[in-house]
Amino acid sequence: QVELMQFGGGSVQAGGSLTLSCVASGDTYRRDYMGWFRSIPGKKREGVAAIDRDGTTTYVESVKGRFTISKDNVKKIMYLQMDSLEPEDTARYYCAADIVPLLSERDGRIETRPLELVAYWGQGTQVNVSS
C-alpha cells in the first residue's frame, strides 16, 4: 500500500514560480515510478512529468525547460518545481505512483499510462496562474 500526501500550490502571476511536494509512505517497491498529472474542469488528467527510482525524468513538451521534477529518496518526497508559469498551467495537480512508468517516450512522443491503471494518487492541489 502507498499513501501520497501533497503540499504546495497556490496562485501566482504569469512568469512566477511554485513548488509542489508529494510525501510518500508505504511500500517502496510499489512506487518505483512517480510523477505529476494535472487536470482542468471538463478534461481528464494529463501527464506532466515523471521520474523513476534512479532519477531518470520525462516531461511533456509543454513544460520542458520550465518544470523540474525531482525526489529525495531518503525523505520520501517528490517535488515539482514550476518556473515561468503560464495561464495554461492553471490546473489541479496530482502526484502519482506506480510500479510501471507513468510517462514513456517512444519515437519522440510521450505516452501516458492510462489513468485507470495508475495505482496511487495524491489528493490534488490547485495551481492558478493569472495573466
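Scope of the values below: all heavy atoms of this structure, side chains included, with no hydrogens, waters or symmetry mates.
Rounded to the nearest 0.5 Å, atoms CD (Glu46) and OG (Ser62) are 6.0 Å apart. Separating the SG atom in Cys95 from the CD1 atom in Ile69 is a distance of 9.5 Å, to the nearest 0.5 Å. Between the CD atom of Glu105 and the OG1 atom of Thr58 there is a distance of 6.5 Å, given to the nearest 0.5 Å. A distance of 7.5 Å separates CD of Gln126 from OG1 of Thr90, quoted to the nearest 0.5 Å. Put simply, OG1 on Thr19 and CD on Gln81 are 3.0 Å apart, with the number rounded to the nearest 0.5 Å. Rounded to the nearest 0.5 Å, atoms CG (Leu4) and CE (Met34) are 5.0 Å apart.
In this structure, Leu80 is a member of the same hydrophobic cluster as Tyr120, with clusters built from ILVMFWY side-chain heavy atoms closer than 4.5 Å. Residues Ile110 and Leu115 fall into different hydrophobic clusters, defined by Ile, Leu, Val, Met, Phe, Trp and Tyr side chains chained together at heavy-atom separations under 4.5 Å. Linking ILVMFWY residues whenever their side-chain heavy atoms come closer than 4.5 Å, directly or via other members, places Val63 and Leu18 in the same cluster. A single hydrophobic cluster is seen to contain both Ile77 and Met5, as judged by linkage of ILVMFWY side chains at heavy-atom distances under 4.5 Å, directly or through other members. In this structure, Phe37 is not a member of the same hydrophobic cluster as Val129, with clusters built from ILVMFWY side-chain heavy atoms closer than 4.5 Å.
Between the side chain of Thr125 and the backbone N or O of Gly8, at least one donor-acceptor pair lies under 3.5 Å. Between the side chain of Asp107 and the backbone N or O of Arg109 there is no donor-acceptor pair closer than 3.5 Å. Of the possible donor and acceptor atoms, one in the side chain of Asp52 sits under 3.5 Å from a partner among the backbone N and O of Asp54.
Of all the heavy atoms in Ile40 and Ala91, the pair that sits closest is CG2-CB, 3.7 Å. Minimum interatomic distance between Arg31 and Ala97 (heavy atoms only, all atoms of both residues): CB-CB, 3.6 Å. Scanning all heavy atoms of the two residues, the minimum distance from Ala14 to Pro87 falls at CB-CD, 4.1 Å. Between Gly122 and Tyr94 the shortest heavy-atom distance is O-CD2, 3.6 Å. Contact between Leu102 and Gly35 at its shortest, heavy atoms only, is CD1-N, 3.3 Å. Between Val60 and Leu103 the shortest heavy-atom distance is CG1-CD1, 4.5 Å.
Among Leu85, Val127, Asp89, the one residue that satisfies the side chain to side chain contact (heavy atoms under 4.5 Å, CB included) test with Val12 is Leu85.
Proximity of Lys76 to Lys71: side-chain heavy atoms (C-beta onward) are nowhere separated by under 4.5 Å. For the pair Tyr59/Val48, no side-chain contact is recorded, criterion being any heavy-atom separation below 4.5 Å from C-beta on.
Taking the six-membered ring where the residue is Trp, Phe67 and Tyr93 present tilted rings, their angle falling between 30° and 60°.
Environment of CD in Gln123: crowded, with over 12 heavy atoms of neighbouring residues, nucleotides or ligands closer than 6.0 Å.
Using a 4.0 Å cut-off between charged side-chain N and carboxylate O, Arg113 and Asp98 make a salt bridge.
Both the sub-6.0 Å distance and the 45° axial angle are not jointly satisfied by Arg45 relative to the ring of Trp36.
If you check the side chains of Asp83 and Ser17, you find a donor sitting under 3.5 Å from an acceptor.
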